[in-house]
Novice: 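Here it is, the structure, as structure tokens.
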Amino acid sequence: MVSDQQLYYMQCALDLACQGVGRTAPNPAVGAVIVKDGEIVGRGFHPRAGEPHAEVFALRDAGARARDADVYVTLEPCSHFGKTPPCAEALVAAGVKRVFVGVTDPNPRVAGAGVARLEQAGIEVRVGVQEEQCRRLIAPFKKHILSGLPFTIYKTAMTLDGATATWSGDSQWVSSAASRRHVHHLRDRVEAIMVGIETVLHDDPLLNTRLDDGAGRDPLRVVVDSRLRMPPSSRMLKQSSAAATLIATGAEDAAKIRRLEEAGAEVLVLPLNGAKVSLPALWRELGRRQVQRLLLEGGATLATAALKERLIDQLMLFAAPKILGGLPTRGIFAGPGCDKMATAEVLTDIRFEQIENDLLITGDLNPCLPD
């Protein structure tokens, strides 16, 4: 039985881990706290790849108080040498008494090795504290380590009658200002954001991160543009941003490619699937570029193609309390879809959150990586 106090300490570790989300790829986001005599004496999280892991920061914070203390860590301590020494050895050397682990490492090459090393040293280990939340936290890392592909979140908004725009094409704005701020916080925590060329031609988006404190980080911008219709004058290419813009195309038009590269874009020529860019090939390339979390923002045609290829892992749907009336001219997906309710895609691990007057529904769409 897990006590309320143990749940609380692991939640503290989860809260710390969230500070590293979107910054740690190809590593996972991890948090750790060290508890001695009912008091948290050490805190740490993994800030980015190449820097010490959460346990090391927590041990530094605790100092000598770590001896005979309890450690709560969201992910099994590593047992191998990478860019940093193994955390399991650091915990052994510090003389901790017990280690509470959220989940074991999903990497089959090292899973369980950290726990085994701690137990070998006589340290009591308990696995599975706040397990569901810890699994959600490392889902992008797990997807990437097991498949080489980014964990893909499809973010969209619709009215209560299923529309993403009016009959005239007006789509600003479906969701509330608070929901849009929430999306910018999400952009700050992903490595890449993707839209199709129709979204660029219709909306001319910046695809940057705009937070109230100005501290947001822009993700890599990816435009799927099979025929290379991207205007070099697009706002996303004119803005001042540290992030790059990647245009994925199947067209080998040297003149267009040169103009876009002169405008600051990177053009990636990929194989075609029919007349469209091969999305699996694009996802594999993003995975090679260490994109762990990919935010798919539009539009319906691109989302439908990604859904058919089973590339969408999570849906974030903002349902706004608005009714346009009539049949929606645009929905969150395109085309006829399935013809029987029994063959519909079913979301799992559903969460609900009210943001101002909108309802945010989050659920998993592609549970293809069993535990």
Side-chain angles (χ1 to χ4, degrees), residues 140 143-144 147-158 162-165 169 171 174 183 190-203 205 207 219-230 234 236 245-252 265-289 291-318 328-340 343-347 362-369:
K143 175 69 181 286
H144 190 250
S147 70
L149 303 178
F151 182 90
T152 303
I153 305 163
Y154 176 33
K155 185 280 301 178
T156 187
M158 71 176 192
T164 60
S171 59
V174 175
V183 170
V190 300
E191 287 83 31
I193 181 173
M194 180 185 292
V195 296
I197 185 59
E198 294 297 339
T199 296
V200 175
L201 297 176
H202 185 270
D203 298 333
L207 297 186
L220 169 70
R221 294 175 289 273
V222 183
V223 178
V224 182
D225 181 11
S226 299
R227 292 182 286 154
L228 214 54
R229 293 182 289 157
M230 179 83 173
S234 298
M236 73 173 70
T245 298
L246 176 68
I247 302 172
T249 186
E252 300 187 59
E266 177 187 355
V267 179
L268 175 67
V269 180
L270 291 170
L272 290 172
N273 182 3
K276 303 292 185 181
V277 165
S278 168
L279 295 187
L282 175 54
W283 259 248
R284 287 193 294 271
E285 174 61 27
L286 293 175
R288 282 192 289 270
R289 295 179 183 220
V291 173
Q292 222 179 69
R293 291 162 58 94
L294 168 65
L295 181 60
L296 182 61
E297 286 212 11
T301 301
L302 176 59
T304 301
L307 181 71
K308 289 181 178 178
E309 295 284 358
R310 303 200 65 78
L311 294 170
I312 298 176
D313 299 286
Q314 190 174 89
L315 175 68
M316 293 185 68
L317 172 63
F318 292 86
T329 55
R330 280 199 258 169
I332 64 173
F333 292 104
C338 55
D339 59 353
K340 294 183 182 297
T343 60
E345 298 281 354
V346 179
L347 295 176
T362 303
D364 295 339
L365 252 174
N366 190 23
C368 61
L369 298 173

Novice: Apply side-chain contact (heavy atoms from CB on, under 4.5 Å) to Ala251 and list each qualifying residue two or more places apart in sequence or on a separate chain.
Specialist: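 Expected list: Leu228, Thr249.
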Novice: Rounded to the nearest 0.5 Å, how far does CG of Leu315 lie from CG of Leu296?
Specialist: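 CG of Leu315 is found 10.0 Å from CG of Leu296.
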Novice: Got a second to check how far Leu207's CG is from Met236's CE, nearest 0.5 Å?
Specialist: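 Nearest 0.5 Å value for the CG-CE distance: 4.0 Å.
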Novice: Looking at CG of Leu307 and CD1 of Ile312, how far apart are the two atoms once the value is rounded to the nearest 0.5 Å?
Specialist: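 CD1 of Ile312 is found 5.0 Å from CG of Leu307.
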Novice: What pairs of donor and acceptor atoms, side-chain ones from residues 266-282 against any protein atom, are under 3.5 angstrom apart with sequence neighbours left out?
Specialist:
| unit_1 | atom_1 | unit_2 | atom_2 | d |
| --- | --- | --- | --- | --- |
| Glu266 | OE1 | Arg289 | NH1 | 3.1 |
| Glu266 | OE2 | Arg289 | NH1 | 3.4 |
| Glu266 | OE2 | Arg289 | NH2 | 2.8 |
| Ser278 | OG | Ala281 | N | 3.3 |

Novice: Please identify each residue that fulfils side-chain hydrogen bond (donor to acceptor under 3.5 Å, both in side chains) with Thr245, with sequence neighbours left out.
Specialist: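 side-chain hydrogen bond (donor to acceptor under 3.5 Å, both in side chains) check on Thr245 returns Arg221.
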Novice: Rounded to the nearest 0.5 Å, what's the gap from CG on Leu286 to CZ on Arg288? Could you check?
Specialist: 9.0 Å
Novice: Please determine whether salt bridge (charged side-chain N to carboxylate O under 4.0 Å, His left out) holds for the pair Arg310 and Glu345, giving the CA-CA distance in whole Å, both sets of side-chain angles, and the decisive distance to 0.1 Å.
Specialist: CA-CA 10 Å; Arg310 303 200 65 78; Glu345 298 281 354; 3.3 Å; yes
Novice: Please list, chain by chain and in numerical order, all residues satisfying side-chain contact (heavy atoms from CB on, under 4.5 Å) with Val183, sequence neighbours excluded.
Specialist: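 Checked Val183 against side-chain contact (heavy atoms from CB on, under 4.5 Å); matches are Lys155, Arg187, Glu297, Phe318.
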Novice: Could you report the tightest heavy-atom contact between Met230 and Ile247, atom names first, then the distance?
Specialist: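 Looking at all heavy atoms of both residues, the closest pair is CG-CD1, 3.6 Å.
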Novice: I'd like a table of donor-acceptor pairs (distance under 3.5 Å, sequence neighbours excluded) in which one partner is a side-chain atom from residues 191-200, with atom names and distances.
Specialist:
| unit_1 | atom_1 | unit_2 | atom_2 | d |
| --- | --- | --- | --- | --- |
| Glu191 | OE1 | Gln292 | N | 3.0 |
| Glu191 | OE1 | Arg293 | N | 2.6 |
| Glu198 | OE2 | Arg229 | NH1 | 3.4 |
| Glu198 | OE2 | Arg229 | NH2 | 2.8 |
| Thr199 | OG1 | Gly299 | N | 3.4 |

Novice: Nearest heavy-atom pair of Asp203 and Ser171: which atoms, and what distance?
Specialist: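 Where Asp203 meets Ser171 most closely, the heavy atoms are OD1-OG, 4.3 Å.
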Novice: Restricting to ring-ring contact (aromatic ring centres under 6.0 Å, His included), what partner residues turn up for Tyr154, sequence neighbours left out?
Specialist: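 Tyr154: ring-ring contact (aromatic ring centres under 6.0 Å, His included) contacts with Phe333.
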